[in-house]
A.B. asks: 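The structure that follows is given in the form of structure tokens.
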Amino acid sequence: MLQQTRVKTVIPYYRAWLKRFPDLPALADAEPDEVLAQWEGLGYYRRARSLHAGAAFVAERHGGRIPRDLAELKGIPGVGDYTAGAVASIAFGRPVPAVDGNVRRVLSRLYDEPTPTASWLRERAGLLVDPDRPGDWNQALMDLGATICTPRSPGCDACPLTSVCAARVAGTQELRPSRSARRAVPAVTFAVSVVVDRWGRAFVRRRPDKGLLAGLWAFPEAVIGDPTPDEPALVRQARHAAKEAGARTRERPRWILDVVRHRFTHLMATYVPVLLTAAGASAGDGRWVPLERPTGLALPRAQRKIAAAAWAAFETKETDADANP
DNA sequence: AATGCGGGGAC
DNA sequence: GTCCCAGCATT
């Protein structure tokens, strides 16, 4: 959970996770949907799938015991250099480094190395690690980076390494490590098909196993080439997406909602929800969820925004219909 | 070595 | 708005 995610964000997820999956067999035997549902909102959902696969891997290949060897740890799905080093040093007292984003920044400044490579970091961190208390050492470096040697305006006056920090001596600490130029984030517009039945339930289908939001549930969608499409084109695309996903719809759309914007790390998405009316049962592997409370399955944040907007619109229309039959 | 992969909080 | 978070898998 902590991979690329702040401790403060993780804590409530971690507690709920341990309550639902108290030990390794509980996780290894769980349904994939249940695992994803527990992870919902944390992002980088492959971590959840890897953790699930990792539990099964350890159960089968290691008799349910986490291996102590660094190479064996790295063989577990979802466990890379950092996680293997952290577990080996903190849990098992092995004198191995654990280089996360914080440690990378600390070492880059300590040696005034603007572009530290993975191999350089591993070598440096390996030489420094305290063989007697490797876990404490690694965590101390991480905490130093998180609290004092911060990305911007580091607190060098309070740093125990200030006198031996090459970047501090050179005055380059704010420039280390160097930031790579970020590419522009592309903007993509989607027509979103919200097919609603008479009870206010909407059709969702599972997303493909790979790519963005893999394995999560979502409304059918279609990429719109024209960023400012006219209404007939939107409705046509939404209806097509619904049909592709196995949801049958009536001819007349209910209406087009205000756009929902959602920023992913490398994609700015604009969703245009189109409310459509269900025509009988659906085919395929879709499911119908209540728009008011779409619980019980893993929906990405953006989909929940869309669901909330769609429910508000649906409820308003039904109320009007009751008032003016 | 570069890229795709979420969501949120701090500034 | 930008930056970055106790990174990993894939290419």
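Lettering of chains follows the sequences in order, A, B, ..., and the numbering in each one begins at 1. Reckoned from all heavy atoms, side chains included, excluding hydrogens, waters and symmetry mates.
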A.B. asks: Measure CD1/Ile148(A) against C1'/dA6(C) and give the value in whole Å, please.
C.D. replies: 17 Å
A.B. asks: Rounded to the Å, how far apart are Leu121(A) CG and dA6(C) C1'?
C.D. replies: 15 Å
A.B. asks: Counting side-chain heavy atoms from CB outward, which of dC3(C), dG9(B), dG6(B) is closest to Arg182(A)?
C.D. replies: dC3(C)
A.B. asks: When the distance from CE of Met1(A) to C1' of dG8(B) is rounded to whole Å, what number comes out?
C.D. replies: 16 Å
A.B. asks: Looking only at N and O atoms, is any donor in the side chain of Arg179(A) or the base of dC3(C) less than 3.5 Å from an acceptor on the other one?
C.D. replies: no
A.B. asks: Once you round it to whole Å, what is the distance between C1' of dG4(B) and CG of Leu213(A)?
C.D. replies: 12 Å
A.B. asks: When you measure from the side chain of Asp197(A) to the backbone N and O of Gly200(A), does any donor-acceptor pair fall under 3.5 Å?
C.D. replies: yes
A.B. asks: Whole angstroms only, please: what is the CG-P distance between Leu36(A) and dC5(B)?
C.D. replies: 16 Å
A.B. asks: Check the side chains of Thr172(A) and Arg109(A) for a donor-acceptor pair under 3.5 angstrom, ignoring hydrogens and angles.
C.D. replies: no
A.B. asks: Which nucleotide in the list dC3(C), dA6(C), dG7(B) gets nearest to the side chain of Arg152(A)?
C.D. replies: dC3(C)
A.B. asks: Using atom CZ of Arg104(A) as one end and atom C1' of dC3(C) as the other, report the distance to the nearest whole Å.
C.D. replies: 13 Å
A.B. asks: Without decimals, in angstroms, what is the distance between Leu216(A) CG and dC5(B) P?
C.D. replies: 13 Å
A.B. asks: To the nearest Å, how far apart are Leu212(A) CG and dG6(B) C1'?
C.D. replies: 8 Å
A.B. asks: Extract from the structure each pairing of a protein N or O with an N or O of nucleotides 7-11 of chain C at less than 3.5 Å, listing the distance.
C.D. replies:
| unit_1 | atom_1 | unit_2 | atom_2 | d |
| --- | --- | --- | --- | --- |
| dG7(C) | OP1 | Gly101(A) | N | 2.9 |
| dG7(C) | OP2 | Gln4(A) | N | 3.0 |
| dG7(C) | O5' | Gln4(A) | N | 3.3 |
| dC8(C) | OP1 | Gly80(A) | N | 2.8 |
| dC8(C) | OP1 | Thr83(A) | N | 3.1 |
| dC8(C) | OP1 | Thr83(A) | OG1 | 2.7 |
| dC8(C) | OP2 | Asp81(A) | N | 3.4 |
| dC8(C) | OP2 | Tyr82(A) | N | 3.3 |
| dC8(C) | O2 | Arg46(A) | NH2 | 2.7 |
| dA9(C) | OP1 | Gly78(A) | N | 2.5 |
| dA9(C) | O4' | Arg46(A) | NH2 | 3.4 |

A.B. asks: Near DNA chain B, under 4.0 Å by heavy atom, which residues of residues 259-270 of chain A?
C.D. replies: His262(A), Phe264(A), Thr265(A), His266(A)
A.B. asks: Please identify each residue that fulfils salt bridge (charged side-chain N to carboxylate O under 4.0 Å, His left out) with Arg124(A), with sequence neighbours left out.
C.D. replies: none
